[in-house]
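Data first, discussion second: the structure below is written as C-alpha cells.
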Amino acid sequence: MVVKYNPQQIEPKWQQRWAQDQIYATREDNPRPKWYEMTMFPYTSGNLHIGHWYAMAPSDVHARFKRMQGYNVLHPMGFDAFGLPAENAAISHGIHPFIWTMQNIENMRRQLKSMGTIYDWNREVTTCLPEYYKWTQWFFLKLHEAGLAYRAKSAVNWCPRCQTVLANEQVVEGGFCERCGTPVIRKDLEQWFFRITSYAEELLDMSKIDWPERVKMMQRNWIGKSEGIEISFGIDYQNIAEKEIRVFTTRPDTIFGATFLVLAPEHPLVLSLTTPEHREEVEEYILRARRQTEIERLSTEREKSGVFIGAYVQNKLNGERVPLWIADYVLLTYGTGAVMGVPAHDERDFDFAKRFGLPIRLVIAPPGWSGDELSQAYVEPGIMANSGQFDGLPSNVGKEAIADFMENQGYGKRTTSYRLRDWLISRQRYWGAPIPMIYCDHCGIVPVPECDLPVFLPPDAEFKPSGESPLKYCPSFVNTTCPRCEAKAQRETDTMDTFMCSSWYFLRYTSPGYHQGPFDPEKLKYWLPVDQYTGGAEHAVMHLLYSRFFIKALRDMGIVDFDEPFIRLFNQGTIVVQRQKMSKSRGNVITPDEYVADLGADAVRAYLMFIGPWDQGGEWDDSGIIGISRWLNRVWNLVLRGQETTFPEHSADPGATKELPRFTHKTIKKTTSDMERFRFNTQLSALMEFTNYLTKVLEARAVDQSYWHEARDCLLLLLAPTAPHLAEELWIRTGHPYSIHQSSWPEWDEELTLEEQITLVVQIDGKVRDKVVVPASITEAEAQQLVLSRDRVKSFLKDKEVTKTIFAPKKLVNLVTK
RNA sequence: GCCGAGGUGGCGGAAUAGGUAGACGCGACGGACUUAAAAUCCGUUGAACCUCAAGUUCAUGCGGGUUCGAGCCCCGCCCUCGGCACCA
C-alpha cells in the first residue's frame, strides 16, 4: 500500500518552501526572454470569492506554463484599494477606511497564497498607500502640464446615494449608478476632466493589439465615430449678433427635406432666439428637461416632446425659412447640440413631426416608390427627389455632391463626431487620491509642486452619515498656502476616480520600491508592454480604454516609448450563481476556502479550469469537483504504485512499447497547444485520458522501465502548472531534484505522434456500415479492394450498383450506389 | 430596435480545411471489497424498435437548401446571454 494523498499536508509545506527559497522572485538580469503576464488586480472588498479564483487560477497556470517554456516571467499581484465601499464601512461601522482596507488585504493575501500561485510578493502594489498615490498625483500633474487635465463646469451624472459624480462609463442600464443602482440625476458642477477625446481617433486604431473582437467592438461602439458635415443655417434678426446655427449631420443628401430645426434645450442660443410670446413656455420646458433623471430622458419608449421657440432659420440651399424648436431628444454634448429635422428620412424626426404636425417632405425615393405618403421614415439609400439640381442622383452620390457644394459655397464643412466624452475624474469622496491642486484668490488654480507630493489624506477626517465629502469639512486639509504667492489658499477637496489608479499600476509592478519616480525607467524598458493581460470583459470601456489613453498620453510626453499597454488580452467569462453575478451585496458569494480545506487548492484550481471553456464562464455548480479530486488521487496512486512496481528491462510486448511513447507525445502536443490557446478544459481531459492509459500500462507491466519513467515524468511536468503542489511532491518522491517548477516543459517529437494503424470507416450512401483497421498509409485502390471484399459490405451492396467511390485518406471510404 | 456570442445526452461539456456525433468528467444503474457504511476499483449508460443476440431507425433549437456526406456551409425563423440604445 502507498501513502494516502493528503493535500492539506503537502500544500502548506510546499508553499512555505517555495516562499522561503524565493523560487518565484523575478529578476531582470535573467538571460531568458521576458514574458509579462498579468491578471486584473482585485478590489479590496475583503474576501476573494470563487469568481476571483476563476480569473486568477487559470492565469497563474498559464504564467507557469510560459515559465516552464523558458521565459523570464513576471506575474505580479496587487490591490485596487481606493473606493467607496471602504468609506461606507467607515460611515456605517465607524472603522477607518485605511484600517478596513488593510485588514481586507491581509485576508486576501492569505487566500491568494493558499492558491499556490507564482506571484512575486516583493512586487506587490497597493494603490491606497502614499508611496503609490504620490505617483498617481504626479501623473495628474503631468497630464495637467500637457493640457490634458482641465476643469470645467458641466451637467454631470450625480448619484444622490453615493453623493458623488460618476463618469459616463459608470452610469449603467439607462441611468443607474453602476455601484449602488440609484437613479442618476444631472447636476451642474465644476469638475476635473481628462481630455481622452483628443485620442479618440488613435484609440480606434487597434492594429497593434491582439484582443478579442468583442472587446475591440465594444470600444469602437463606445468611441462612436461618425463622419459627416457641419451645416450652417442662417439667422437674420437685428437684435442678435449670431448669424448662423450649425448642425451636424451624416446625411447631407437629405437637406432638402429639412422642415424644421431642433436645438438641445440647454443650447446657448435658445434664450436669445426665443420670441416674447413663446418665452414662458420655453423656459418651463427647459426647467422640466433639467429636472428629469437620466432614465426618463433616455427612455426611447417615451413620446417625443418639444416646443417651438418662435424663431426661424434659413436653409441656405433652397432659401427656405425653417421653424426652430427645442426638444430633449437632442443632446447638447454631441455634435453641435443642434440637428436639422428631416422627418421623411430619420425615425426620430419622423416621430417628432407626426406629434407636432410638421410637414414631411420626401427627398430620397425608395425603389419602386409610387408617390404615396410614407408610413414611417425611409432611412435607406435611394434616388434623390425634390432636391433642386441634385434630383435624380443616387443618394450616396448626392451625399458627396452636396457636401462638396456646401464646402465650396462656405455653407458647411466636413467633420467627424465622436460619441466618446472626456473622462470625468473628480469624485466628491474621501477614499481616493487627492487631486493635487490649490485654489488661491490671487493666483487662481495652482498645481501642488512635485516636491510637495504626496498630498496626504488626513487621517482625522470625519465621516458624516450624510455621505458628504469628509475632506470638504476638514480644515487641516483644506487650509494651506499658495505655492506661488504664499497667501492663504484652499486645497481641492475632490479625489480622483479609482480608474486613475488602475491606469498605471502595471508600470509600478516593475519597480514598486522606486522612490525617484513612478517606476525605474530601466526596469520599465525591460518589462513593458504587458505581453498577456487577462480579466473580465466588464472593463472593456472603462479600465481598458482608460489605460490605453493613459499610455498614449505618457508616450506623447516622452515618459514611455510604447503605444499600447496590453499586447494580448484574454477575457475569461463570468461565474454566476442562479444566473446572477456573484457579489457581496447580492449575498450570493461562494468562497473557495472551504473547498481548499476539504479537497486542496490543486483540486479547486483544476476544477475551475475543467468546467468549460475559460471565456465562457457559467453557473457555479460544485457537483463535479469530486471528479477532479478523484483524478488527482488516481495520479497520486498511479505514480507511487509505479515506484513499487518492477518493470522489465526489455519488454516482451512490442505493441505496448510502441504505443506508450506515441500516447505520451500526443498528449504533450495536445496539452501544449491547448495551453497556448487557453483551452484548459480540453487540456485536462487529455491529461485524464493519459492517466487512464497509464493505469492500464501499470497493471500490465508490459513496457520497459525507461519508457515508464519517461511517460510518468511527462505526466508530472504537464500537470505542474495546474496542480503545482501535487506535482512537486510526486516529483520529489520519484527521486527528482527540487523543484519541478524550475524544470522545462516537455517537447514532443512529431514522428512519434503518428499512428501506424487507423480505423477506416466504410460508408454506403453516407451511412456508416462497417469499420476496418488498416495501415495508415493505405491507398485508395487498396482500400477500395479491401472494402469490397468484406462480407458486411457485400450484403449491403446486394442488388445495388456502386456508381462512385469517395476516399478520404486516413478517414473513410464512401460507396455511392444507384 | 441594432451589434456580437451561443443553443449538442439527466448535467458540465468534446468534436470544425465538411468525413465514426457525444471525448473527458459528474450523475444514475449493476458488480467487487466490507459485519455495515464511506472511500476505492470494475462494468453499463443518447432515444426508440427488438425476448436475447445480431441489427435497424431516429437524434446536435425549428423549417428549408447545397453536398457522396452537414453539429460545422447557405437562406428564413425561434430562444438564451453580453454590449449599445433618441449619438443626428
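Here the structure is a predicted model, which means the values were calculated and not measured.
- Of the side-chain N and O atoms in A:Arg634, none sit less than 4.0 angstrom from OP1 or OP2 of B:U40.
- Taking the P atom of each, B:A38 and B:U34 are spaced 15 Å apart, rounded to whole Å.
- Residue contacts for A:Val816: at a heavy-atom cut-off of 4.0 Å it reaches the sugar-phosphate backbone alone, with no base atom in range.
- Comparing B:U20 with B:C11, their C1' atoms are spaced 25 Å from each other, to the whole Å.
- Nucleotide B:U35 has no partner under the Watson-Crick or G-U criteria, as no pair reaches both atom distances under 3.5 Å.
- Taking atom C1' on both B:U60 and B:A15, the two are 11 Å apart, rounded to the nearest angstrom.
- A side-chain N or O of A:Ser226 and one of A:Tyr334 form a donor-acceptor pair less than 3.5 Å apart.
- In the set B:U20, B:C86, B:A88, B:U20 carries the atom at the smallest distance from any side-chain atom of A:Thr759.
- With both ends at atom P, the span from B:C78 to B:A23 equals 34 Å, rounded to whole Å.
- Taking 4.0 Å as the cut-off between side-chain N and carboxylate O, A:Glu213 and A:Lys216 count as a salt-bridged pair.
- When distances are taken from the side chain of A:Glu689 to each of B:A88, B:G19, B:A23, the shortest belongs to B:A23.
- Here the closest heavy-atom approach between residue A:Ala540 and residue A:Val215 is recorded as CB-CG1, 3.9 Å.
- Using a 4.0 Å heavy-atom cutoff across all strands shown, A:Thr805 reaches no nucleic acid atom at all.
- Remark: B:G19 base-pairs with B:C68; criterion is Watson-Crick or G-U wobble with both hydrogen-bond distances under 3.5 Å.
- Using a 4.0 Å heavy-atom distance criterion, A:Ile626 is classed as a sugar-phosphate-only contact.
- Note: CD (A:Glu619) to P (B:C81) measures 12 Å, nearest angstrom.
- For A:Tyr693 and B:A23, the OH to C1' distance is 17 Å, given to the nearest whole Å.
- As rounded to the nearest Å, B:C81 and B:G13 have P atoms that lie 15 Å from one another.
- Aromatic ring centroids of A:Tyr54 and A:Trp620 lie 6.0 Å or more apart.
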- Spell out protein contact along nucleotides 12-18 of chain B as letters: B when the base is contacted, S when just the sugar-phosphate is, - when no protein heavy atom is under 4.0 Å; keep the 5' to 3' order. BSSS---
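- Of all nucleotides listed (B:G19, B:C26, B:A21), B:G19 comes nearest to the side chain of A:Leu812.
- Listed candidates were B:U20, B:C86, B:G4. Nearest to the side chain of A:Met217 is B:G4.
- Across B:A21 and B:G46, the matching C1' atoms stand 10 Å from one another, rounded to whole Å.
- Nucleotide B:G27 is matched to B:U45 when pairs are restricted to Watson-Crick or G-U wobble geometry with both distances under 3.5 angstrom.
- Within 3.5 Å, no donor on the side chain of A:Asn221 pairs with an acceptor on the base of B:C84, nor the reverse.
- Distances shorter than 4.0 Å separate none of the side-chain N or O atoms of A:Lys771 from OP1 or OP2 on B:U20.
- No donor-acceptor pair under 3.5 Å is formed between the side chain of A:Asn681 and the backbone N or O of A:Met609.
- Taking atom C1' in both B:G25 and B:C86, the straight-line distance is 50 Å, to the nearest Å.
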- Item | Derivation of the salt bridge (Lys or Arg N to Asp or Glu O under 4.0 Å) call for A:Lys354 and A:Glu303 | CA-CA 11 Å; A:Lys354 278 277 177 202; A:Glu303 214 184 351; over 6 Å; no
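- For the pair A:Phe796 and A:Asp765, both in contact range of RNA chain B, the more 5′-proximal nearest nucleotide belongs to A:Phe796.
- Under the Watson-Crick or G-U wobble criterion, with both distances below 3.5 Å, B:A59 has no partner in any strand shown.
- When distances are taken from the side chain of A:Val768 to each of B:A21, B:C24, B:A88, the shortest belongs to B:A21.
- Rounded to the nearest Å, the gap between the P atom of B:U40 and that of B:A48 is 31 Å.
- A:Leu204 places a side-chain heavy atom less than 4.5 Å from the side chain of A:Tyr418.
- The separation between A:Ile326 atom CD1 and B:C86 atom P is 19 Å, rounded to whole Å.
- Atom-to-atom, CD of A:Glu380 to P of B:C2 comes out at 11 Å; the value is rounded to the nearest Å.
- Taking side-chain N and O atoms only, A:Asn692 has a distance below 4.0 Å to OP1 or OP2 of B:G25.
- With hydrogens and angles left out, the side-chain atoms of A:Lys581 and A:Thr574 include no donor and acceptor closer than 3.5 Å.
- A salt bridge links A:Arg251 with A:Asp253: the closest approach of a Lys/Arg side-chain nitrogen to an acidic carboxylate oxygen falls below 4.0 angstrom.
- At least one side-chain nitrogen or oxygen of A:Lys767 sits closer than 4.0 Å to the OP1 or OP2 atom of B:C58.
- Aromatic ring centres of A:Phe260 and A:Trp325 lie farther apart than the 6.0 Å criterion allows.
- Going from atom CG of A:Asp253 over to atom P of B:A88 covers 14 Å, rounded to whole Å.
- With a cut-off of 3.5 Å on both Watson-Crick or G-U wobble distances, the partner of B:C84 is given as B:G1.
- Put simply, NZ on A:Lys581 is 10 Å from P on B:G82, counting in whole angstrom units.
- A salt bridge is defined here as a Lys NZ or Arg NE, NH1 or NH2 lying under 4.0 Å from an Asp or Glu carboxylate O, and A:Arg662 with A:Glu659 meets this definition.
- When each of A:Arg421 and A:Phe807 is assigned the nucleotide of RNA chain B bearing its nearest heavy atom, the one mapping closer to the 5' terminus is A:Phe807.
- B:G64 shows a glycosidic angle more than 90° from 0 and is accordingly assigned anti.
- Distance, A:Glu538 CD to B:C84 P: 12 Å, rounded to whole Å.
- Using Watson-Crick or G-U wobble geometry with both donor-acceptor distances under 3.5 Å, B:G9 finds no partner in any strand shown.
- Between A:Arg630 and the phosphate of B:C41, there is no side-chain N or O to OP1/OP2 separation shorter than 4.0 Å.
- OP1 and OP2 of B:A54 both lie 4.0 Å or more from every side-chain N or O belonging to A:Arg792.
- Put simply, CD1 on A:Ile806 is 17 Å from C1' on B:U20, counting in whole angstrom units.
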